[in-house]
Amino acid sequence: MPIAIRMNHGEVKARGEGSSDVLASGHNASFHEDQCQFGGCMAIYVKSDDLYGLFHLELTQRNGASFKSWIQKIKQLSQGAPLLFYIGKPHSCDTYPETSVRGCLLRHCREAGLEVADDAVIMLDMKGVTYVRVDSDEMLLTGANPQPILLIKPSKYQTDEEYIIGRGFSVEHYNRLAKDDPDIGPLREAPQLFKKFSETAPQEGASKVDCAVL
């Protein structure tokens, strides 16, 4: 039976001989652990040559002690090999995780003294995913039923900048969001982003997300 990762909790395991623990969170036909369903929370998967881990994060608890302790355990088990993080929002209409979760992860890593490259945080499209399972070899995603295994694919947007500007909002709107939430970070690439997404961006102020498009 996998180790159940409940909301706002996580686990990190060292790789090595005999390291075969499976970590899982969410829900499918064969996994019904209490407090594991996502319902808008984030799944954060970390791996390196030394370790692997999973955290089930509710965004309102991004500064909580449990998330910080998870980062500290990563630091303790890390032997200097580059870390790679994957962030997704399972069972979501939108294909990009919540804004600021990427920034808060990088912030906590910096505060813990962990060096994480900006491009070592990959945002995933987890639309339709309800169950996340990781072991020493890989991450597996499924829906409510055990099969089929869903493809692991990057989100169309890889940063909050791309997501907000790509959806047609103005620089002024972005700056207001960043002022209220520093984890979103300053806007660095507005001209390039406007050009990149100008053909596909919805109108500013759109009241809802079109699940068939994003």
Side-chain angles (χ1 to χ4, degrees), residues 1-15 19-62 64 66-71 73-74 77-78 83-106 108-109 116 120-158 163 209 211 214:
M1 183 70 179
I3 296 173
I5 306 300
R6 293 173 173 82
M7 183 187 298
N8 297 317
H9 289 82
E11 186 57 270
V12 186
K13 296 291 182 178
R15 295 185 187 276
S19 177
S20 58
D21 288 330
V22 174
L23 313 176
S25 199
H27 167 76
N28 71 9
S30 60
F31 189 83
H32 300 280
E33 293 288 335
D34 289 342
Q35 300 298 313
C36 282
Q37 295 191 45
F38 283 101
C41 294
M42 266 32 74
I44 305 178
Y45 168 48
V46 61
K47 69 174 184 176
S48 75
D49 291 342
D50 306 312
L51 57 83
Y52 64 98
L54 179 67
F55 199 96
H56 180 145
L57 178 68
E58 182 183 20
L59 191 62
T60 58
Q61 297 300 311
R62 58 182 158 162
S66 183
F67 190 42
K68 292 179 181 179
S69 295
W70 186 71
I71 298 292
K73 188 169 183 180
I74 292 172
L77 294 178
S78 175
L83 294 165
L84 189 59
F85 289 91
Y86 295 86
I87 303 175
K89 185 179 178 182
H91 204 48
S92 171
C93 165
D94 205 342
T95 61
Y96 184 79
E98 296 287 345
T99 56
S100 76
V101 66
R102 186 177 190 278
C104 83
L105 171 65
L106 289 169
H108 286 311
C109 286
V116 179
V121 180
I122 300 172
M123 311 304 274
L124 297 180
D125 173 356
M126 285 194 179
K127 182 180 176 182
V129 173
T130 63
Y131 177 72
V132 178
R133 175 185 183 276
V134 307
D135 58 27
S136 59
D137 296 320
E138 61 186 349
M139 173 173 61
L140 297 177
L141 308 176
T142 64
N145 297 312
Q147 297 293 335
I149 293 174
L150 304 176
L151 293 177
I152 297 172
K153 58 182 180 178
S155 172
K156 174 182 177 181
Y157 307 109
Q158 284 300 304
Y163 178 66
V209 175
C211 296
L214 293 180

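A quick note: this is a predicted structure, and the numbers were derived from the prediction, not measured.
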Closest approach of [X] to [Y] (non-hydrogen atoms, all atoms of both residues):
X	Y	answer
G88	P97	CA-CG, 3.9 Å
L83	V116	CD1-CG2, 4.2 Å
S20	Y52	C-OH, 4.2 Å
P90	C41	CD-O, 3.4 Å

side-chain hydrogen bond (donor to acceptor under 3.5 Å, both in side chains) filter on Q35, not counting sequence neighbours, yields none
Distance (rounded to the nearest 0.5 Å) between [X] [atom1] and [Y] [atom2]:
X	Y	atom1	atom2	result
R62	I44	CZ	CD1	11.5 Å
M7	S66	CE	OG	12.0 Å
M42	C104	CE	SG	9.0 Å
C109	I71	SG	CD1	4.0 Å
E98	K89	CD	NZ	3.5 Å

So, using side-chain contact (heavy atoms from CB on, under 4.5 Å) as the criterion, who are the partners of Q37 when residues are at least two apart? H27
Less than 4.5 Å apart, side chain to side chain, heavy atoms only: is that true for I3 and K13? yes
Is the shortest heavy-atom distance from the side chain of R133 to the side chain of N28 under 4.5 Å? no
From the list F85, F67, F55, ring-ring contact (aromatic ring centres under 6.0 Å, His included) partner of H108 resolves to F67
Given Y45, F38, Y131, W70, the one that forms ring-ring contact (aromatic ring centres under 6.0 Å, His included) with H56: F38
Candidates L54, L140, V22 - the one meeting side chain to side chain contact (heavy atoms under 4.5 Å, CB included) with D135: V22
Only one of L105, I122, L124, L57 passes side chain to side chain contact (heavy atoms under 4.5 Å, CB included) with I87; say which it is. L105
Check the pair V132 / M139 against side-chain contact (heavy atoms from CB on, under 4.5 Å), numbers first and verdict last. CA-CA 7 Å; V132 178; M139 173 173 61; 4.0 Å; yes
With distance as the sole test, does N8 use its side chain to make a donor-acceptor pair with the main-chain N or O of E58 at under 3.5 Å? yes
Determine yes or no for a side-chain-to-main-chain donor-acceptor pair under 3.5 angstrom, with T95 supplying the side chain and K127 the backbone. no
Heavy atoms of other groups near D137 CG, more than 12 under 6.0 Å: yes
Apply side-chain contact (heavy atoms from CB on, under 4.5 Å) to the pair Y157 and M123, showing each step before the final yes or no. CA-CA 7 Å; Y157 307 109; M123 311 304 274; over 6 Å; no
Passes side-chain contact (heavy atoms from CB on, under 4.5 Å), L77 versus D50? Steps please. CA-CA 7 Å; L77 294 178; D50 306 312; 5.9 Å; no
Does E11 come within less than 4.0 Å of K73, counting only side-chain N to carboxylate O? yes
